[in-house]
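Below is one structure, written out as structure tokens; the observations come after it.
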Amino acid sequence: MTGTTESAIGTTDGAAPPGSVRAVLQDLRAVDGAVYAAVAATPTPTLDTALRRLSHAADHSKISFAVAAALALVPGRPRRAALAGVGAVAVASATANLLGKRLVRRQRPDREAARVVVGRHVPMPDSASFPSGHTASAVAFATAAGVVLPPAAVPLQILAMAVGYSRVHTGVHYPGDVAAGAVLGIASAAASLVVGASLTAPKEK
């Protein structure tokens, strides 16, 4: 009886009061970890190689820059979309890497403990896990370019979502890191568009 009581007390002491901010954060971390584990435990042999390659291709925003280069070849809206997208990537990358990761300092997932299939692996970054810089940059580019060039919005957003998911699938990020990266990407795109509009407004008068 004593051992049971002590065990129960120990569990209670480690838990935050229900309804508190700490308790909510604990619950969110638990869900985050559970989703990560579920993705790791789900066999997807037909997707593993493609998502690993996509995740690697998104390093240093190579995909976004390639799309921007193609759009920049066409004068008018496509070229403006490329400029807005690249500006948004710059804001997202700087904010995620120089601010977000240094403030939060969340550790990367334990990919080995979660038994992420080796065939999914990409190099585990040395930087902090929160937020996902890949996702922030991809969403920033897709959002900004899509606003300027609406026909490209849906394909670019689908690509950005695939990049974000690939970071969880390959085991280098928790889903919460990706969600935060997406929010940061949208905010970065908004900032890029506002700055771009302020710079071009005088020329249009």
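How far CG of N97 is from CZ of R102: 8.5 Å, rounded to the nearest 0.5 Å.
The cluster map of Ile, Leu, Val, Met, Phe, Trp and Tyr, joined by side-chain heavy atoms under 4.5 Å apart, puts V139 and L184 in different clusters. In this structure, Y165 is a member of the same hydrophobic cluster as L47, with clusters built from ILVMFWY side-chain heavy atoms closer than 4.5 Å. The same ILVMFWY cluster, assembled from side-chain heavy atoms under 4.5 Å apart, contains both L156 and L149.
R167 and S55 make their closest contact through NH1-OG, 2.7 Å (heavy atoms, listed as atom of the first residue, atom of the second, distance). Here the shortest heavy-atom pairing between V116 and T170 reads CG1-O, 4.1 Å.
With F141 as reference, S64 is the one residue of S188, S192, S64 to meet the side chain to side chain contact (heavy atoms under 4.5 Å, CB included) rule.
The shortest distance between side-chain heavy atoms of I158 and V154 falls below 4.5 Å.
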Begin with the C-alpha distance, continue with both residues' side-chain angles, and end with the deciding distance and a verdict on side chain to side chain contact (heavy atoms under 4.5 Å, CB included) for R111 and Y36.
CA-CA 10 Å; R111 189 163 54 183; Y36 177 88; 4.1 Å; yes
Are F65 and V89 close enough, and set up right, to give a side chain to side chain contact (heavy atoms under 4.5 Å, CB included), and what steps lead you there?
CA-CA 9 Å; F65 289 141; V89 169; 4.1 Å; yes
Pair R120-T44, side chain to side chain contact (heavy atoms under 4.5 Å, CB included): steps then yes or no:
CA-CA 10 Å; R120 298 182 183 182; T44 53; 3.1 Å; yes
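Listed for the R108 side chain is a donor-acceptor partner under 3.5 Å among the backbone atoms of S127.
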